[in-house]
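Given the structure is predicted, the values throughout are model-derived calculations rather than measurements. Whatever order the structure lists ligands and atoms in, that order sets their numbers, starting from 1.
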Amino acid sequence: MGRRFNAAEYVELTMHFKCNLKCVHCMIEGTMDWLRPESTDQFERVLALNVQQRRWRGIIFTGSEITLRADLPELARKARASGFEHVRIQTHGMRLADPDYCRELVAAGVDEYFVSVTAADAETHDAITGGPGSFDRTLRGLEALDACDGVVTLTNTVITRLSYRQLPAVVERLRHLRRLAQMEFWNYWPMRETDDKDLIASHLEVLPFLRQAIARARAYGRAVETKNFPECLLGEDRDALNNDQPKLMIDEEFWPEFMRNGFHQCVHRSYCGSQRCLGLNTAYVRKFGWHADTLVPFPLERATEAALDAGHSG
Ligand code: SF4
């Protein structure tokens, strides 16, 4: 199935490491204080590269909460002037509840908004974000964007033990949004070897809720993507799995932390033909085991099989 957005066409810059929420599933909560945002020089280098080579069609501003950067409109204007057709921000969306701010960003060239919606109701969302009133403001932000011409919105709901039962209800809660082009469901990873916060849910328990959410979102005309879920469990919805990410520019110190996840573990990995599955990660296996009898490897492509045979005989 064709993708609504192609990650290879985007470059992502972490431009700000401060946030006014405290999401319990935050990937960078332990590193936010010391990771350095991309410098102005690095930003200018990316712009210059795009002027010369048109390497990317879109730029994504991210980090923690980018709308806390006062010069965000200026960053967007510079990116547009450097040939970027799309400027996306990754945000909790609360500041977008101010229609004037929305209009300012849209006028500056921000045309794609990737907004975190952690649950389907205010009580659950606010408990996850640690911000009383955050659900209402995020929803008002999405609705304010819905009134702006020329923008598309995307949402992400991180799948945790606290949110997974609400995935179909999230789709319903956002049903009225006309500009919501894509809904994403990222299965939580803890950035360490253990699930210290007890947030990882069993894939087997998540599965029916996730598939129901995928089906409903598609019925409403949304593109859907999920990340970090075993491909073989998704059945006919396996095309929703997309672990691709844009080219990410981030402090190099981030990567040792990221590697602690230990993706690509699966007892069937060496003979599974899946090209895009991340398998399980260390914290997941420690909590729930290998699901060896439940995960079903895909057949290898013939060319891969031949290469493996050649390797064994050599
Ligand atoms: S068998 Fe393992 S590697 Fe293959 S799709 Fe399933 S989880 Fe992924």
Metal environment of atom 6 (Fe) of ligand 1, protein N/O/S under 2.8 Å: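 Protein N/O/S atoms under 2.8 Å of atom 6 (Fe) of ligand 1: C232 SG.
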Aromatic ring pairing F229/H203, orientation class (parallel under 30°, perpendicular over 60°, tilted between): perpendicular
Salt bridge present between R218 and D237 (N-O < 4.0 angstrom):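 Yes, charged N to carboxylate O under 4.0 Å.
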Side-chain (S116) to main-chain (H92) donor-acceptor, under 3.5 angstrom: no
W189 ring center near Y284 ring center (under 6.0 Å): no
S64-H16 side chain donor-acceptor pair, cut-off 3.5 Å: no
All pairs passing side-chain hydrogen bond (donor to acceptor under 3.5 Å, both in side chains) where residues 146-159 contributes a residue, at least two apart: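 For residues 146-159, and leaving out neighbouring residues, the side-chain hydrogen bond (donor to acceptor under 3.5 Å, both in side chains) pairs sorted by first residue read D149-R179.
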Which of the ligand 1 atoms, numbered from 1, are nearer than 4.0 Å to a heavy atom of R269: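 Near R269, meaning under 4.0 Å from one of its heavy atoms, ligand 1 has 3 (S).
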